[in-house]
Amino acid sequence: MPDLLLVEDDRDVREAIAEVLEQEGYDVAQARSGVEAIQRLNESEAPPVAILLDLMMPVMDGWEFLARRQRHAPWLSIPIVIISADSNAKDRIEALPSAVTAYLRKPIDIDELLAILARLKGKAGGSPS
Amino acid sequence: MGGKGTRPDEDTAKILVVDDHDENILALEGMLARPGMEIWTARSGAEALRLVLKHDFAVILLDVLMPIMDGFETARLIGTRDASKHTPIIFLTAAGSDVNMVYQGYAVGAVDYLVKPLTPDVVKAKVAVFVELFRKNRQLRRQEEALRHVERERSEARLKERDALYEASFDAAPVGIAHTAADGRWLRVNPRFTEITGYSRDEALRLRFQDITHPDDRDDEQTGFRQLVAGEIERYQREKRFLHKDGHVVWVDLTVSLVYDIEGLPKHFIAVVDEVTERRQDDERQRLLANASQILLRSLDVVPALRDVAQLASSALADWCLIGTSIPGDGDGATHGLTISHQNPALAAAAEQLTERLLANPRFCHLLGSEHKQVAADLSNWAADAWALDEPSERLLAQLGCGSSMIVPLAIRDQVLGQLILVSSAPSRRFGAKDWATARELSQRIALGVENGRLYEKSQEAIRARDEFLSIASHELRTPLTPLQIHFQRLLRQPTDDIGVIPDRLQRTLERCDRQVRRLESLIDNLLDVSRISSGVLRLQLEDVDLAEIVREVAGRFAEELAAAGCTLRIEGDEDVTGRWDRLRLEQVVTNILGNAIKYGSGQPIEITLAETPEGARLRILDHGIGINDQDLPRIFRRFHRAVPSRSYGGLGLGLYITQQIVDAHRGSIDVESTLGRGSAFVVKLPRIVPGAERMESGPHRALGPTDERQPDA
């Protein structure tokens, strides 16, 4: 599995983030919805360092993805970084059964995201290739 | 031997002559015979005594010397009899008799003596005296008797009259009067009493006091009766409820006292009953209206309010009450609501079932919102037809009891928002003019309450729609900003990697673009803040904050703008001003005020003074710019207010509004002093610890940064 799984329906947003992250040396897998994200996770043998998750997406939104994750123990250990423009999401996120690692509101500060990922990568014991 | 009655005259005086010698008798008869006299004769004492028992003699002429029983013995015996003891006796005695005999005669009651041989004139004269006396006595007696008779007749008439009077007042009394035995049985009731209770005289006499008393009043009454019997009170008085024969409640003013017999023992109770239902009902009607208004005003949530009002009306104005509402929606459809309340709690289930059935009845629901008329009807007949009731509904209706009813539309302006139906389950009860007036008034108040609730709901709906729109709009606006910002940041950070050295001009352009993206973001934030503040969800994330540090940071961010505007900035005061505040919100405060100072500062120096005060912090930002005129000064903290023409100065007019809301949320204050053309001074004061903040503070367990923009905790 690549280092990061980026779940985001908006192509421009997804590609902009992916580009920056790849430039920083991360291996980024992309998914356009919760359904695709689950496919990616099922396809890979090792879990990613983190999942970057948008909330408002067609087909299967971020909330539903989080609910599925809740029922699938191996995925529970994967850190989640939520990237969303939904300004009212905070209360709902706080009410989730298992905590997410971070919540960044769009438009995101790319340096902030990189700092979070660097920390997670450090914890995971690896370093950007 | 019989007497010789001459005539049965009233005035006839009977004279008894007792002598054992016929010649004496004959001689005396001859001497005494004259009209008005009746001579009776006896030849022995025994015979004389027999006659004395039968007749009332005016005088007795009694011979002293007789065989067997002499005159004295006879006189003694005559004197022992009540009827004759006062009859005068004249003894007849021979001449030269012993003087002792005379004394003896007087001793046994003689009034006189006649000495033989008798002289007719003397005999006549002496007898005449006693006859006359007798006649006078008899006359007196008769007169006395006549008087007594008249007296007796008079007193009997008086008694009769008194009885008749009592009887009449008992029967004709405008209050109910009843006599009650110690065990509560009615002994005697007057017509008014039967009117009040609905029971005939005979029916009432088979009942007891407690049988027709409202259950809630029985205990109190028992106590009252006991106190009466015990002599603790002379009279028991209270307002109480009787249950009328047909079931409805009758309010009466009751006074009970105890009647004692001659020996002082309690005989029976007298109850005086004055019906006050009318007065009670007037009071209750007024109370009902007042309470209904209160309920309807207290809450904008109409459903529970209507339930309470229905309950009130079902006990105060009718036996049961139905309030149905039909609230028009945006399209053709309407939302229907219904509550039925019965004053008898045992029928709550039936009321509930009928509610469900009626709500599922399209004809009923249609009429709820369309029927304009007021209707007085017997509900069971009327409803079956008007509402096209099915059989189970009809049964339920009958169970609740259907008598007279008032059906009043809940109308406001020309719109019908529902129906108020008040039903009496007692067949005899007919609603009167006062009931109708109350029902109409009640319907108006309910309609007003329903309308208020509807308008409130609509405004809430509009606010929700606006907030939702703002939320979606901000989401939609933020999404394209994301790649824009990422690309600008990348270009600025690594300018040489892809496109070689960027010329200064391009570099400046990129910086400007990046700033504009951030400005857009901040405008979107402001819009959202306003929406949050108006829906009351501006929450503070409190932590230990140094306001001086915030001021320095914000000032740093404005360096370029200050330079562009030609303003100098001086920061004075304490180096360290700490408290438990919301860092990002205070950044917003400083940013907004300082931003304004630069914007309207006319390129003049700006001064920031920061001081730690006993209470907390005091921040003053002073500019020497265009200032604010007096009319605008009180309004600058309002939403969308702008003291300057929007064409010359950009912005949404939200900055100071949000600033004040943030300061308010910190329980602080913000003041402004300004002189047109001379500049403005904004002073913010913050308490070191926000009162009551414990509840608002976030716990350490949270994984997320406290606000949207916050960096996650490590």
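Only heavy atoms go into these numbers, but all of them, side chains included; no hydrogens, no water, no symmetry mates. Throughout, a chain's letter reflects where its sequence line sits, starting with A, and its residues are numbered from 1.
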Check: Would you call Asp514(B) and Arg518(B) a salt bridge, using N to O less than 4.0 angstrom?
Finding: yes

Check: What part of Asp10(A) lies closer than 4.5 angstrom to a heavy atom of chain B: side chain, backbone, both or neither?
Finding: side chain

Checklist line | Heavy-atom pair of closest approach, residues Val663(B) and Val684(B) | finding: CG2-CG1, 3.9 Å

Margin query: Counting only non-hydrogen atoms closer than 4.5 Å, does Asp54(A) touch chain B with its backbone (N, CA, C, O), its side chain (CB onward), both, or neither?
Written below: neither

Checklist line | Part of Glu19(A) lying under 4.5 Å from any heavy atom of chain B | finding: side chain

Note to self: Quick check on Ile17(A) against chain B: is it the side chain, the backbone, both or neither that has a heavy atom closer than 4.5 Å?
What the structure shows: both

Checklist line | Exercise: do Asn592(B) and Thr659(B) side chains pair donor with acceptor under 3.5 Å | finding: yes

Next item on the list: Output the distance between atom CZ (Arg552(B)) and atom CZ (Arg557(B)), rounded to the nearest 0.5 Å.
Entry: 13.5 Å

